[in-house]
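All chains are named by letter (A, B, ...) in the order of the sequence lines, taking the proteins before the strands, and each is independently numbered beginning at 1. It should be emphasised that the depicted structure is a prediction, and the values quoted were computed from it without experimental measurement.
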Number of protein chains: 2
Amino acid sequence: MSQPRWFQFLNKATSLPENKNKTVYQIATIDSHNKPHVRSHIHRAFLIPNSFPAVPILLTTTDIRTPKVTQMLSNTTVEVAWWLEGSQDQFRFSGRAAVISHPEHPFHVMRNIPQGSALAKLSESGEIGGEHGKLDWEKKRREVFDTMSAHMRASWCRPPPGTVLSSYDDAKTWAATVPKIGEAETEEDKANQAEALQNFALVLIEPLQVDWVQLGVIPNRRTVFRRKEAEGNGDEWVETIEVP
Amino acid sequence: MSQPRWFQFLNKATSLPENKNKTVYQIATIDSHNKPHVRSHIHRAFLIPNSFPAVPILLTTTDIRTPKVTQMLSNTTVEVAWWLEGSQDQFRFSGRAAVISHPEHPFHVMRNIPQGSALAKLSESGEIGGEHGKLDWEKKRREVFDTMSAHMRASWCRPPPGTVLSSYDDAKTWAATVPKIGEAETEEDKANQAEALQNFALVLIEPLQVDWVQLGVIPNRRTVFRRKEAEGNGDEWVETIEVP
């Protein structure tokens with residue numbers, strides 16, 4: 001079983017020079033009042049389960065204190081629109097989200113990883129190229145934390161997102177940078193890092209459908225890949241050509 | 001009563017050279033199975049009601065046959081994320097959508113324009129800079145149709161979006177261009193134009209909240225504008241500075 005065709009097409013599109021640094025996509029969620037929400041996220045990586053390479057999983061990050069986390073935990077169905085402006089390609093992922101928080105955060109038990117899902121397979125058998133055996137989510141979370149910029153890491157030790165401020169200047173008292181794990185030297189850096197690690201969370205999105213529209217090609221093309229359950233580890237993608 | 005501050009900030013951001021041609025945003029909707037959807041749209045214009053300049057309305061276009069139209073008609077609450085990559089600004093609009101179809105389309109009576117809304121004010125008193133008196137939606141729809149490229153106009157006389165094709169080559173039999181209204185000369189052009197005009201629709205989004213995040217400024221800034229009902233035509237925007 002190999003990687004799905006949509007993943008090959010996406011990798012080809014994102015590696016085009018005209019799509020350089022096009023790592024921002026929009027994630028749509030639903031809140032408890034049945035209202036849609038959408039915001040930009042930076043794509044960090046695909047995680048590919050060792051035993052389930054048919055389903056690459058999108059990885060992005062967030063602050064556990066944002067409303068979208070509660071939304072994803074109460075309604076795990078999400079959609080992602082990834083617009084690659086350079087080549088005029090849109091990849092839309094419909095799927096299921098899971099949030100990996102600090103192990104002591106109350107949300108940690110609510111990861112929403114259903115048995116048999118690609119997310120569960122990832123937990124059970126790690127990533128391709130990684131170690132075999134159970135994936136250590138906390139290790140993974142800390143690894144991703146360290147790949148972020150010092151400025152980005154500092155964003156997770158701000159006051160809770162959405163807190164009302166009296167002026168923009170209030171932000172000048174916040175930590176501007178937070179060092180990597182193991183590299184905090186001052187007491188202040190250590191405290192900020194501990195706070196940032198409390199709030200930093202991974203967002204994983206397991207795709208169930210991928211809708212690829214090519215507006216850079218004339219006539220325009222659209223190809224839809226729908227995931228089909230199969231016995232064992234053999235999930236398949238059924239591919240149809242559709243009117244854009 | 002003048003135009004809202006968020007509109008001034010948005011205009012300033014979109015007119016920066018580094019944001020040139022950043023006219024694509026993502027619109028999130030909810031379907032009847034309570035699933036979120038999101039896709040890229042091209043922003044076409046703001047419509048500003050003559051008698052209600054406090055509420056500029058986003059204008060974009062669509063094919064009346066797409067699932068998002070049904071979604072917007074059954075649940076008018078939508079959210080838009082407009083990421084301006086050049087300056088690293090995000091404008092998020094939470095609001096109410098209305099769809100303006102061909103006057104003989106069954107959806108025409110379902111425009112969902114509530115009394116007292118900015119959309120209703122726009123219908124009643126036209127746009128700034130336009131004629132006074134009731135806005136002629138069909139005239140407006142045809143005007144916008146004519147501002148589209150010939151290639152774009154042809155996209156509305158394709159088979160219904162989502163129709164399964166046997167190959168990409170099927171698309172080669174479709175009209176590649178459709179002329180402006182009044183400029184169709186052949187019978188084929190006339191038929192294609194009539195079909196495209198049947199399917200072409202305006203999407204209007206009336207904002208109720210605008211959430212502006214400036215990631216290009218250090219420390220990052222966030223300003224949220226919430227619309228507050230007021231007597232007469234005096235809706236106001238309450239502005240708060242918040243933690244991003």
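B/Trp174 touches chain A through its side chain: at least one heavy atom from C-beta onward sits under 4.5 Å away, while N, CA, C and O do not. The contact between B/Arg222 and chain A is made by backbone and side chain atoms together, counting heavy-atom distances below 4.5 Å. When heavy atoms are compared at a cutoff of 4.5 Å, B/Thr29 approaches chain A solely by way of its backbone atoms N, CA, C and O. With a threshold of 4.5 angstrom between heavy atoms, B/Val24 approaches chain A through side-chain atoms but not through N, CA, C or O. Residue contact with chain A, scored on non-hydrogen atoms closer than 4.5 Å, involves the side chain of B/Ile218 exclusively. In this structure, the portion of B/Asn75 lying under 4.5 Å from any heavy atom of chain A is its side chain and not its backbone. For A/Asp63, no part sits under 4.5 Å from any heavy atom of chain B, backbone or side chain. With a 4.5 angstrom heavy-atom cutoff, B/Ala176 does not touch chain A via any of its atoms. Using a 4.5 Å cut-off between heavy atoms, B/Gln26 touches chain A through backbone and side chain atoms alike. Using a 4.5 Å cut-off between heavy atoms, B/Val213 makes no contact with chain A at all. Only the backbone of A/Val80 comes within less than 4.5 Å of a heavy atom of chain B; no side-chain atom from C-beta onward does.
Comparing B/Thr240, B/Asn34, B/Val224 by how many heavy-atom pairs each has under 4.5 Å with chain A, the most go to B/Asn34. The residue among A/Pro36, A/Gly162, A/Ala81, A/Pro161 with the most heavy atom pairs within less than 4.5 Å of chain B is A/Pro36. In terms of non-hydrogen atom pairs under 4.5 Å with chain A, the most contact-rich of B/His151, B/Glu79, B/Lys35 is B/Glu79.
Between A/Ile241 and B/Val164 the shortest side-chain heavy-atom distance does not fall below 4.5 Å. Taking 4.5 Å as the limit, some side-chain heavy atom of B/Lys172 sits within range of a side-chain heavy atom of A/Pro219. Looking at heavy atoms from C-beta onward, B/Tyr168 lies in side-chain contact with A/Thr223 at the 4.5 angstrom threshold. Inter-residue side-chain proximity for A/Arg158 and B/Pro244 is flagged as met; some heavy-atom pair is nearer than 4.5 Å.
The CG atom of B/Asp211 sits 11.0 Å away from the NE2 atom of A/His37 when rounded to the nearest 0.5 Å. Here CD1 of A/Ile30 is found 11.5 Å from OG1 of B/Thr77. Values are rounded to the nearest 0.5 Å. In this structure, CE on B/Met152 lies 8.0 Å from CG on A/Leu215, to the nearest 0.5 angstrom.
Taking 4.0 Å as the cut-off between side-chain N and carboxylate O, B/Glu85 and A/Lys22 count as a salt-bridged pair.
Contacts between residues 190-204 of chain B and chain A, defined by a heavy-atom separation under 4.5 Å, are made by no residue at all.
A/Arg92 places a side-chain N or O within 3.5 Å of a backbone atom of B/Val38 that can act as its donor or acceptor partner. With hydrogens and angles disregarded, no donor-acceptor distance shorter than 3.5 Å links the side chain of A/Gln90 to the backbone of B/Arg39.
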